[in-house]
Amino acid sequence: SAKVVDSDANVSFLRVVVLSCDGERDPRNLIRSFHLAKIAIENATKTDQQEAADDVFETFSCYFPITFRPPPNDPYGITREDLAKELQNCLLALDVILSDVVELFLEKISNDDVEIKRDAVKGLLQGFSGPSCRDLPLSLVDTTITTLIQSALDENQIVDEAIYAMGELCASSPFRLRVADRVAQTSVNKAVSGSMNASRCIAGIAGASAAGCRAVISVIPRIAEAALEPESRSVCTLALAKILQACEKAPLESGLRSPILDIDENAVSTLLSLAQIPDDPSSFASA
């Protein structure tokens, strides 16, 4: 049942809305409640937001993840995806609880249900897309990056979602440099050992932004060296091909300069030898 609000207290509209939603189970009412709470949060004063923060998180976090499954021939047309989207928007509308919400999403990535895992990744991506994520503790940022990397490398169910999320964070997050460096440095050893998912992680950030491309360029020499070894030549050559193709698509930096131009000269020589292309510039004089 809903919490009782003291009628003599000076209670903000936001708190009234939030507390009136507590305990609601009907999906028809829930989808409206999530939407109304988001609007109330966005239009509340900073003071009212601060005072209602605990109630907002306590009330709405218990609904995540959404496990609703509409009955056959449901006349109302409310889907699990609709509810999940409205709940995510509601939870992420209040900046002061962002850290708690991010931790909630991180916790649910380990759930056995693949839809819940996907909802958690979507929530993390949206949470890191707003300006308020700049205030997140770096320890939480690093935990998020590590969780996404592990999801891509070790969890077959949400590999695509995790790689996409890392690419998006490299492209638009305030932590793009941190994300790019961690993904490249963490994935390179796995890529050298033959993990195609690791190669996909590296290629994913390489093509997402100049920051991602630059971080990847720093690990290309490591993969190129491994490609010279007979036992790893095949997988590493294939990895290099994917990564370099992604680098070619990376957005240009200011001045229309591609980060790929900064690849180490020794790495270039190795790549040319792998491709069996002569690295003597004079050989191209008549081309």
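In what follows, every heavy atom counts, from backbone to side chain, and hydrogens, waters and symmetry copies are set aside. This is a predicted model, so every value here is computed, not measured.
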Please tabulate, one pair per line, all N/O donor-acceptor pairs under 3.5 Å involving side-chain atoms of residues 92-105, not counting sequence neighbours.
from : atom 1 : to   : atom 2 : distance (Å)
D95  : OD1    : S132 : OG     : 3.3

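Taking the side chain to side chain contact (heavy atoms under 4.5 Å, CB included) definition, one finds that E229 meets it with E231, S232, sequence neighbours left out. By the side chain to side chain contact (heavy atoms under 4.5 Å, CB included) test, T143 is found to be paired with L106, T147, residues two or more places apart in sequence or in another chain being considered. For Y164, the ring pair (Phe, Tyr, Trp, His ring centres under 6.0 Å) criterion is met by no residue, not counting sequence neighbours. Every residue two or more places apart in sequence or in another chain that forms a side-chain hydrogen bond (donor to acceptor under 3.5 Å, both in side chains) with R178 is listed here: D142. In this structure Q49 satisfies the side-chain hydrogen bond (donor to acceptor under 3.5 Å, both in side chains) test with no other residue, sequence neighbours excluded. Residues passing the side-chain hydrogen bond (donor to acceptor under 3.5 Å, both in side chains) test with D160, sequence neighbours excluded: R200. Residues that satisfy the side-chain hydrogen bond (donor to acceptor under 3.5 Å, both in side chains) test with R222, not counting sequence neighbours, are absent from this structure.
Within the structure, side-chain hydrogen bond (donor to acceptor under 3.5 Å, both in side chains) pairs that include any residue of residues 166-175 do not occur (at least two apart or interchain). Listed by first and then second residue, the ring-ring contact (aromatic ring centres under 6.0 Å, His included) pairs involving residues 182-241 amount to none (not counting sequence neighbours).
Clustering of Ile, Leu, Val, Met, Phe, Trp and Tyr by side-chain heavy atoms under 4.5 Å joins I39 with none of the others. Other members of the hydrophobic cluster containing M196, listed by chain and number, are L238; membership follows side-chain contacts under 4.5 Å among ILVMFWY residues, whether direct or relayed.
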